[in-house]
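Right, one structure below, let's go through it.
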Amino acid sequence: RRLLGYTAVGVGGAVAGAGAGTGTTLAATQESAPPADAAGSRTIPFHGPHQAGVTTPVQARAVFAGLDLREGVGAEAVGRLLRLWTQDAAALTAGRPATADPAPALARRPAGLTITFGFGPGLFDAVGKPEAVPAGFVPAPSFSIDRLQDRWSGGDLLVQVRGDDSITVAHAVRVMLVGARPFATVRWQQAGFQYHAGVAPGSTPRNLMGQVDGTVNPKTDDDFDEVVWSDQGWLAGGTTMILRRIRMDLDGWDRVPPPEQERAIGRRLSDGAPLTGGGEHDAADFTRRDHHGLVIPADAHIRRARPGHGRHRILRGGYNYDDGVDTDGNPDVGLLFASYQASFARQFVPIQRRLAALDALNTWTTPVGSAVFAIPPGCEPGGWIGRTLLE
Ligand code: HEM
């Protein structure tokens, strides 16, 4: 119920309050707008107490960009960038061109677009507010399983663009990155995909290993707000996010017999139900044994990942990636694991520590990138994202 609360669907361009892209640019592009089918004209409100793109059900396509602030860029300049980004994101998500839109016709098809901004650990020093680093928001510790590469890790700023149309998403990314050029350089950019939301509304998607992925995720829980949204200082109404690029050894995985693949997760491949029986959404029985021992083995991913005493919960919203082959000819395929939680240190880190210590999946998965961001609260029309920190 709450999950859907932030994703009211409107008609492209009908959402009030967005600032930019009016006047001649708009008039000039209206005729060339692509046909507004229902999927293409779907809008997700940009304004509100929380940024869109966190609890919004995942769209088909996502691009994440991590940026580094240029030397000498401080609070005033970051504030200018955030005002511009806010104005342009409000326009694009409503189906209107951005301020200096290089291709205004591409803005006319919002297709469920969300644009979400985040601050990396290095931003706080740059804006002269080291004391504003949220409690528990530490640069991600290194885990024993990590083989992190700089080219997929870190960053002072995050732009997360999600939507149901690849062209809309690419255009929004371009607008955001061109706008950022005077202030920041792009450190990395990663693109991911999911099933199109329209393919099977309400059903759980699969990842590239073939598993049903996303079953146990807070959705309608009574404490959903406490799990996801921070109530601390300037971050109140915001959250923290970690993005981990986890490469999959799909060739190795393909050689594993299906029953062993199922034991690695603790769930059936066919429908995602726990190995102890029932349907996908029935509770797993972690105590059940048969003549081999525990039915859901001690190192099964779901046994290791499940919340300790109900406390360590996170909202997962990952995307698959497929970047072809690397320079050695091996498939460069995996998961852009994204999770959102009120406290990074209290909720995410304990789960990741457990998985690093023991998780059958580790045989076929390798984290190669990691970046953590504080996601500021949303804003109302006339406001801007980041104001609670920077003003
Ligand atoms: C559950 C796959 C990495 C946390 C699951 C499930 C699958 C899966 C198939 C069972 C279905 C579900 O409830 O969604 C993967 C793959 C990964 C990966 C393929 C890496 C490539 C991670 C990481 C974390 C994580 C890095 C957190 C640090 C969880 C949690 C659950 C889960 C919390 C739900 C456990 C429960 O309470 O039943 N994952 N996962 N996963 N995963 Fe992962």
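Here, residue 1 is the first one in the sequence, and each next residue gets the next number. One-based numbering, in listed order, for ligands and for the atoms of each.
Residue contact check: Met209 has heavy atoms under 4.0 Å from atoms 19 (C) of ligand 1. Close approach to Thr365 involves these atoms of ligand 1, each under 4.0 Å from a residue heavy atom: 21 (C). Set against the non-hydrogen atoms of Pro307, the atoms of ligand 1 under 4.0 Å away are 37 (O). Atoms of ligand 1 lying under 4.0 Å from at least one heavy atom of Val212, given by number and element, are 9 (C), 11 (C).
Between His50 and Trp229, the ring-plane angle classifies as parallel under the 30° and 60° cut-offs.
Residues forming a ring-ring contact (aromatic ring centres under 6.0 Å, His included) with Phe117 (at least two apart in sequence, or on another chain): Trp85.
Heavy-atom separations between Arg267 and ligand 1 include at least one value shorter than 4.0 Å. Assignment of Gly272 to the shell around ligand 1 is not supported, since no heavy atom sits closer than 4.0 Å.
When only interatomic distances are considered, the shortest N/O to N/O separation between Thr215 and ligand 1 falls below 3.5 Å. Residue-to-ligand polar distances place Val216 within reach of ligand 1: an N/O pair is separated by less than 3.5 Å.
Each salt bridge (charged side-chain N to carboxylate O under 4.0 Å, His left out) pair with one or both residues in residues 49-73, not counting sequence neighbours, appears once here: Asp68-Arg187.
Salt-bridge annotation for Arg354 and Asp359: absent, with no side-chain N of the basic residue lying under 4.0 Å from a carboxylate O of the acidic one. A salt bridge links Arg245 to Asp332: one of the charged nitrogens lies within less than 4.0 Å of a carboxylate oxygen. A salt bridge links Arg109 with Asp37: the distance from a Lys NZ or Arg NE/NH1/NH2 to an Asp or Glu carboxylate oxygen falls below 4.0 Å. Here Arg244 pairs with Asp146 in a salt bridge; the nearest charged N to carboxylate O distance falls below 4.0 Å.
When only non-hydrogen protein atoms are considered, atom 26 (C) of ligand 1 lies nearest to Gln352 OE1, 3.4 Å. Of all protein heavy atoms, the one closest to atom 14 (O) of ligand 1 is Gly214 N, 2.5 Å.
Side chains of Ser343 and Gln341: a donor-acceptor N/O pair is absent below 3.5 angstrom, by distance only.
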| Run the salt bridge (Lys or Arg N to Asp or Glu O under 4.0 Å) check on Asp326 and Arg247 step by step: do they pass? | CA-CA 12 Å; Asp326 65 16; Arg247 190 161 170 170; 2.8 Å; yes
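Around atom 43 (Fe) of ligand 1, the protein N, O or S atoms closer than 2.8 Å are His301 NE2, listed by chain and residue number.
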Atom pairs and distances, donor-acceptor, side-chain atoms in residues 368-389, under 3.5 Å, two or more places apart:
residue: Arg387; atom: NE; partner: Glu391; partner atom: OE1; Å: 3.0
residue: Thr388; atom: OG1; partner: Trp234; partner atom: O; Å: 2.9

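If you look at Arg306 next to ligand 1, the close heavy atoms, those under 4.0 Å, come from the backbone and the side chain alike.
Across all non-hydrogen atoms, the minimal contact from Val159 to Val161 is CG1-CG2, 3.8 Å.
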